[in-house]
Structure formats: C-alpha cells, structure tokens
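Take a look at the structure below.
When a ligand or atom number is given, it counts from 1 through the structure's own listing order.
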Amino acid sequence: MPERKTVLVTGSSRGIGLAIAEKFALENFNVIINCRNSFERLIEIQNNMRKFNKNVIAIKCDVSDYDGVYKMFDEIKRLFGGVDILVNNAGISYIGIFNEMKPDMWNEIIDVNLKSVYNCTHIALTYMINKKKGSIINISSVWGNVGASCEVIYSSSKGAVNSFTKALAKELGPCGIRVNAVSCGAIETEMNGFLSKEEKDNLINEIPFMRFGKTEEVAETVYFLASDKASYLSGQVISLDGAWI
Ligand code: NAP
C-alpha cells in the first residue's frame, strides 16, 4: 500500500483554498484545513468532508503569526508526522490608492500574504528535508507578475511570493523538494465579491476566455503540481488566467 500523504492548505474555509482541500480529501490524502476567523464554517467543512475521508482536520491559526504556525505544525506532527505537501493559499486583498495606504495596511497585507509563506514553509521544511521529499505550492496572483494599479501592496506581496518560489526551488532542488506557484487571474470567489455586475462584465470583456476562472480549475492545477507527474517541475510560476495577462 502506498504511504498516505498529508497536505496542509492554508486559508481553506472558502474559495480557492476550499476547492484545493476538497480535491485532496477526495483523493484520500490526510488533509489539514485552516483559517483565522471563520472557525465554525471550517468545522462544518471538516464534518462534511469526514463523510468520505476520516482524515480531515480543521485547525484555527493565523498563519501570519510564527508562534501560532509552530503550534499548528506541532499538532500536525502529533497526528500525521508532518506535512508532505504545503499549499500556501491564505491571502487578503485590498483595493485603494497607494497614497492613502497607512503603514498598518502595509503590515497587514504583507504579513498575511508573504510572511505567512515564510512561516509555514520554514516550519514545514524540517520534516520535508528529513524525508528528502516534499512539494510546496504558493497561490500567487497575476498582479505579482505585472502589478495592478490601486493594488500596489497586494501586487508587491505576490511579486515577492513569486521570487520566493524561484529562489527556494533552487536552494531545495538538491533536497528533492519542489517549489512552485500558481499565479491566478480572476477567479470566481468571495475575494471578488466587491465588484459590481458592471465592473465584473468589464473585466470579463478583457479576458480572452470571456469568463472568470473556477476554483476547481485552480485545484486541479495544484493537484497536478503536487503529484509525481510534475516530478521535474520546480521553480515555476504558472499563470492560470484564461490568457488574460
Ligand atoms: P477568499 O475567498 O477571501 O479566501 C481567503 C481564505 O484565506 C479564507 O479561508 C480566509 O479565512 C483565509 N485567511 C485569510 N487570512 C488568513 C490568516 N491570516 N490566517 C489563516 N487564514 C487566513 O480568497 P480566495 O479568492 O479564495 O483567494 C485565495 C488565494 O488566492 C489568496 O492568496 C489570493 O490572493 C489568491 N488569488 C485570488 C484571486 C481571485 O480572483 N480570487 C486571484 C489571484 C490570486 P478567514 O477569513 O476565515 O480567516
């Protein structure tokens, strides 16, 4: 029997993270789902997924807090030994004119979108390096590749995630650990819930595929990147944007 692998998907109480966690749960992985605020919702998700996979565990943790992440990994170590696949998905966005952004806003976005990637990866690696195997997948954004007006901090955080991905992949190649990122275009989630119908239609007109991406399409890409089918693929930032950018 092949060993049952463990995956942590940060920020999986809804949207892209939830679809990724669902995919791995359906494929019979041990799955740790996580969020910072909506814990009741996370427990409900855990209970639903346990109807087809008993090894789904919900852990509340603010991934921007190193000590909290350390405790989360202690719990995972106790339950499953460690994390074989880490999906750094948790993220927040904020739209606004750069001049009006206060230092607190910078800290909050960078902490959740970038420091969390450092926190989780840093702690996950102890186990992966011992095993000489592992896969890290960062959920990034096309704005990290090209920058977006009125999303300067968000774009900065995702641009840094892209460089982090490429640099760490080089460092960890000899250890058998792969690091990749999925740079998403416009995906149908609550993160885009602030858009009016008209704004959404205008955006769709710019996208050659003439629609938003589906969370399941991100999940399939992440699942492929985590699988042995992608065994020579590392250091890549893959744009998943319907040929938008
Ligand atoms: P979403 O629907 O707003 O979900 C974000 C998830 O992250 C939620 O589960 C949220 O849970 C969690 N989260 C936020 N801060 C957290 C923290 N400090 N600690 C732990 N969990 C935290 O967003 P989404 O659209 O699915 O986005 C997921 C990822 O894709 C993000 O990194 C985002 O930047 C990226 N992305 C999205 C799009 C898009 O069009 N949707 C495009 C490009 C990139 P709680 O609020 O309950 O804590």
Side-chain angles (χ1 to χ4, degrees), residues 8-23 31-46 58-73 86-95 107-120 123 136-148 151 153-162 164-165 181-195 199-200 203-204 206-207 209 211-219 221-222 237-242 244-245:
L8 164 63
V9 185
T10 69
S12 32
S13 61
R14 58 177 184 269
I16 293 171
L18 174 57
I20 296 169
E22 253 162 8
K23 171 72 186 169
V31 181
I32 294 99
I33 51 175
N34 150 265
C35 74
R36 164 171 64 169
N37 295 320
S38 356
F39 195 54
E40 270 180 34
R41 190 167 170 179
L42 201 71
I43 292 289
E44 219 174 280
I45 291 166
Q46 170 197 266
I59 305 183
K60 183 179 177 183
C61 168
D62 175 355
V63 286
S64 68
D65 170 47
Y66 192 88
D67 293 342
V69 172
Y70 200 92
K71 280 189 198 136
M72 173 167 70
F73 273 84
L86 168 65
V87 184
N88 285 310
N89 167 77
I92 52 173
S93 68
Y94 191 83
I95 316 273
N107 290 337
E108 170 70 359
I109 297 171
I110 296 294
D111 282 0
V112 175
N113 292 2
L114 178 61
K115 193 173 153 210
S116 68
V117 175
Y118 162 80
N119 291 344
C120 294
I123 302 170
I136 298 163
I137 298 145
N138 300 320
I139 305 303
S140 189
S141 160
V142 288
W143 298 148
N145 307 355
V146 298
E151 289 192 75
I153 309 178
Y154 181 77
S155 302
S156 307
S157 70
K158 294 300 189 180
V161 167
N162 292 350
F164 177 98
T165 302
V182 180
S183 183
C184 296
I187 310 295
E188 191 74 65
T189 72
E190 284 178 34
M191 190 175 262
N192 292 313
F194 67 93
L195 292 170
E199 286 168 330
K200 212 172 151 187
L203 200 53
I204 286 171
E206 288 177 20
I207 303 171
F209 273 41
R211 64 171 176 87
F212 274 39
K214 297 179 193 144
T215 56
E216 294 79 10
E217 290 171 318
V218 185
T221 308
V222 169
V237 177
I238 295 168
S239 289
L240 191 79
D241 67 354
W244 185 22
I245 302 297

Option nearest atom 14 (C) of ligand 1 (shortest heavy-atom distance, choices Gly91, Gly11, Cys184)
Gly91
Taking side chain as C-beta onward, heavy atoms only, is Thr215 less than 4.5 Å from Leu18?
no
Region of Asn192 that comes within reach of ligand 1 [heavy atoms, distance under 4.0 Å]:
side chain
Measure from the side-chain N and O atoms of Asp241 to the backbone N and O of Cys184, and report whether any donor-acceptor pair falls under 3.5 Å.
no
Output the list of atoms in ligand 1 that are nearer than 4.0 Å to some heavy atom of Asp62, sorted by atom number.
17 (C), 18 (N), 19 (N)
Decide whether Ser183 and Asn162 meet the rule of one side-chain donor and one side-chain acceptor closer than 3.5 Å.
no
Ile45 side, atom CD1; Ile33 side, atom CD1 - distance, nearest 0.5 Å:
5.5 Å
Of all protein heavy atoms, the one nearest atom 27 (O) of ligand 1 is Met191 CE, 3.9 Å
Examine ligand 1 and decide if any of its atoms is less than 4.0 Å from a heavy atom belonging to Arg41.
no
Here the pair of heavy atoms bringing Ser157 nearest to Ile110 is CB-CD1, 3.8 Å
Calculate, to the nearest 0.5 Å, the distance between atoms NZ and CD1 belonging to Lys158 and Ile153 respectively.
14.0 Å
Between ligand 1 and Ser64, is the shortest N or O to N or O distance under 3.5 Å?
no
For atom 30 (O) of ligand 1, what's the nearest protein heavy-atom neighbour? Residue, atom name and distance, please.
Ile139 CG2, 3.3 Å
Where is the nearest protein heavy atom to atom 8 (C) of ligand 1: which residue, which atom, and how far?
Ser13 OG, 3.5 Å
Closest heavy-atom pair and its distance - Cys120, Thr10
SG-CG2, 4.0 Å
Counting from 1, what ligand 1 atoms have a heavy atom of Asn34 closer than 4.0 Å?
20 (C), 21 (N)
Looking only at distances, please establish whether an N/O atom of ligand 1 is found under 3.5 Å from an N/O atom of Ser141.
no
Trp244 versus Leu203: any side-chain heavy-atom pair under 4.5 Å?
yes
Quick one: does Tyr154's side chain get under 4.5 Å of Ile95's, heavy atoms only?
no
Using distance alone, decide if ligand 1 has a nitrogen or oxygen within less than 3.5 Å of any nitrogen or oxygen in Ile16.
yes
Could you establish whether Ser93 and ligand 1 come within less than 4.0 Å of each other, counting only heavy atoms on the residue side?
no
Lys158, portion touching ligand 1 at heavy-atom distance under 4.0 Å:
side chain
Calculate, to the nearest 0.5 Å, the distance between atoms NZ and SG belonging to Lys71 and Cys61 respectively.
9.5 Å
Ligand 1 contact by Gly213, heavy-atom criterion under 4.0 angstrom:
no
Below 4.5 Å, heavy atoms only, C-beta onward: do Phe212 and Leu195 meet side chain to side chain?
yes
Of all the non-hydrogen atoms in the protein, which one sits nearest to atom 24 (P) of ligand 1, and at what distance?
Thr189 OG1, 3.7 Å
Which heavy-atom pair separates Asn145 from Ser239 by the least distance, and what is that distance?
ND2-OG, 3.2 Å
Heavy-atom contacts with Ala186 under 4.0 Å: which atoms of ligand 1 show up? List them by number with element.
40 (O)
Go through ligand 1 atom by atom and flag the ones less than 4.0 Å from a non-hydrogen atom of Gly185.
38 (C), 40 (O), 42 (C), 43 (C)
Any N/O pair Gly15/ligand 1 closer than 3.5 Å
no
the protein heavy atom lying closest to atom 22 (C) of ligand 1 turns out to be Ala90 CB, 3.7 Å
Is any side-chain heavy atom of Glu217 less than 4.5 Å from a side-chain heavy atom of Thr221?
no
re atom 19 (N) of ligand 1, the protein heavy-atom contact at minimum distance is Val63 N, 3.1 Å
Check the pair Asn34 / Val9 against side-chain contact (heavy atoms from CB on, under 4.5 Å), numbers first and verdict last.
CA-CA 7 Å; Asn34 150 265; Val9 185; over 6 Å; no
Within the structure, is a non-hydrogen atom of Cys61 found at a distance of less than 4.0 Å from ligand 1?
yes
pair Val222-Ile16: side-chain heavy atoms closer than 4.5 Å
no
Can an N or O of Ile187 be found at a distance shorter than 3.5 Å from an N or O of ligand 1?
yes
Would you call Ser140 a ligand 1 contact, heavy-atom distance under 4.0 Å?
yes
Any side-chain heavy-atom pair from Arg14 and Ser38 closer than 4.5 angstrom?
yes
Around atom 28 (C) of ligand 1, find the nearest protein heavy atom and jot down its residue, atom name and distance.
Asn89 OD1, 3.2 Å
Using a strict cut-off of 4.0 Å, indicate which atoms of ligand 1 neighbour a heavy atom of Tyr154.
33 (C), 34 (O), 35 (C), 36 (N), 43 (C), 44 (C)
What do you reckon, does Val112 put a non-hydrogen atom under 4.0 Å from ligand 1?
yes
Pull out every atom of ligand 1 sitting under 4.0 Å from any heavy atom of Ser38, numbered as shown with elements.
45 (P), 47 (O)
Closest non-hydrogen protein atom to atom 4 (O) of ligand 1, residue and atom name please, with distance?
Arg14 NE, 3.5 Å
Evaluate the side-chain proximity of Asn88 to Ile136: yes if any heavy-atom separation is below 4.5 Å, no if none is.
yes
Taking 4.0 angstrom as the limit and counting only heavy atoms of Ser12, give me the atoms of ligand 1 inside it, by number and element.
9 (O)
